[in-house]
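Note sheet for the following structure.
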Amino acid sequence: MTIKTAKLGVISSGRGENLRYILQAERDGWLPGRVVLVLADQPDAGALRIAGEFSVPHQFLDPGGQTRQEYDRQLVDRLEEADADLVVLTGYMRILSPEFVRHYKNRILNIHPALLPSFRGLDAFSQALEYGAKWTGTTVHVVDEDVDHGPIVYQRPVPVREGDTHDSLKARIQRAEYKAYPRAIKMFIEGNPRIEGRRVVWKRDERRAEG
Ligand code: GAR
């Protein structure tokens with residue numbers, strides 16, 4: 001069996017801890033992929049520093065003074081130059097333009113800190129606490145034109161404990177994310193699934209169904 005590899009382009013707005021675990025999985029030889037470029041829309045994004053620590057090309061792209069389409073065109077140009085074939089969002093807080101999503105159709109992954117479709121949007125931790133949920137978790141999904149919505153690749157549940165605060169729940173979910181994201185990326189690259197409506201269809205399941 002040939003294991004496919006992928007060139008990953010990462011886009012981030014934030015701390016970049018998920019990126020750190022992805023890069024570590026790559027360094028350990030566990031991830032069948034290579035991060036070829038890290039882009040950020042914030043000059044002080046931790047993701048840029050972490051990319052530097054791992055000697056990965058990285059760049060701040062200033063979103064100021066342009067439309068979302070113009071900005072996303074710049075993102076696409078950089079990702080194309082780097083020859084990225086899979087785009088990985090780690091805490092990227094901007095909504096991607098339909099043009100971007102169509103350009104990388106079914107080749108963009110995002111991680112969200114809840115079990116979608118629950119608690120979409122901002123501060124999924126407070127949403128789960130306020131709702132009184134007993135379980136929440138993390139979801140890795142293919143990005144479509146709607147926010148926190150595309151077909152689900154992988155989910156990992158996390159309990160909400162008595163007395164949890166925003167910060168304690170956030171820390172538990174984010175620990176789960178550091179395992180979930182590299183695993184989901186590996187599954188996605190090796191499994192090369194077909195996207196059918198909302199479903200991510202794995203070839204191994206099709207083979208099993210065929211008997
Ligand atoms: C992660 O918890 C991720 O789930 C969340 O931002 C954080 C980024 O952390 N993303 C969203 O809320 C997107 N809807 P990181 O920068 O340390 O990887």
Side-chain angles (χ1 to χ4, degrees), residues 8-27 31 33 35 37-54 56 58-61 63 68 72 75 86-97 100-101 104 108-131 133 135-160 164-186 188:
L8 313 184
V10 174
I11 315 179
S12 178
S13 299
R15 291 179 319 155
E17 283 305 308
N18 280 287
L19 171 66
R20 181 189 298 286
Y21 283 82
I22 292 165
L23 287 168
Q24 193 57 51
E26 174 191 332
R27 185 175 275 181
L31 192 75
V35 178
L37 179 64
V38 174
L39 297 172
D41 65 338
Q42 304 292 327
D44 54 356
L48 296 173
R49 183 178 39 77
I50 291 169
E53 284 172 26
F54 281 79
V56 170
H58 53 280
Q59 191 179 0
F60 159 60
L61 280 183
R68 190 195 306 170
D72 283 7
L75 292 176
L86 182 63
V87 178
V88 173
L89 307 181
T90 62
Y92 184 56
M93 300 319 267
R94 253 165 229 286
I95 297 171
L96 289 169
S97 61
F100 186 103
V101 174
Y104 286 104
I108 312 168
L109 297 180
N110 181 45
I111 190 161
H112 181 73
L115 294 178
L116 293 174
S118 295
F119 313 135
R120 293 167 69 185
L122 293 175
D123 199 355
F125 318 106
S126 296
Q127 290 190 57
L129 286 171
E130 278 160 25
Y131 200 81
W135 287 88
T136 179
T138 180
T139 303
V140 176
H141 65 94
V142 175
V143 172
D144 65 8
E145 292 182 26
D146 205 350
V147 176
D148 299 330
H149 175 267
I152 292 170
V153 175
Y154 184 76
Q155 289 186 303
R156 203 174 169 103
V158 171
V160 181
D164 254 340
T165 61
H166 173 275
D167 288 357
S168 63
L169 181 60
K170 180 174 176 178
R172 192 174 311 117
I173 293 176
Q174 290 190 328
R175 277 197 302 277
E177 290 192 321
Y178 304 148
K179 291 202 177 92
Y181 216 177
R183 176 169 299 189
I185 294 168
K186 181 179 165 79
F188 196 78

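As the structure lists them, so they are numbered: ligands from 1, and atoms in each ligand from 1.
For R94, the side chain to side chain donor-acceptor pair (under 3.5 Å) partners two or more places apart in sequence, or in a different chain, are D41. Shown here are the side chain to side chain contact (heavy atoms under 4.5 Å, CB included) partners of Y131, two or more places apart in sequence or in another chain: F119.
N18 and T90 form no side-chain donor-acceptor contact under 3.5 Å, judged by distance and modelled atom types alone.
In this structure, ligand 1 sits under 4.0 Å from heavy atoms belonging to G14, R15, G16, E17, N18, G91, I111, H112, P113, D148, Q174, E177.
By the 30° and 60° cut-offs, the orientation of the rings of F125 relative to H166 is perpendicular.
Taking OG from S168 and CG from L129, the interatomic distance works out to 7.5 Å, rounded to the nearest 0.5 Å.
Sorted by first then second residue, the salt bridge (Lys or Arg N to Asp or Glu O under 4.0 Å) pairs that include residues 115-131, not counting sequence neighbours, are R120-D146.
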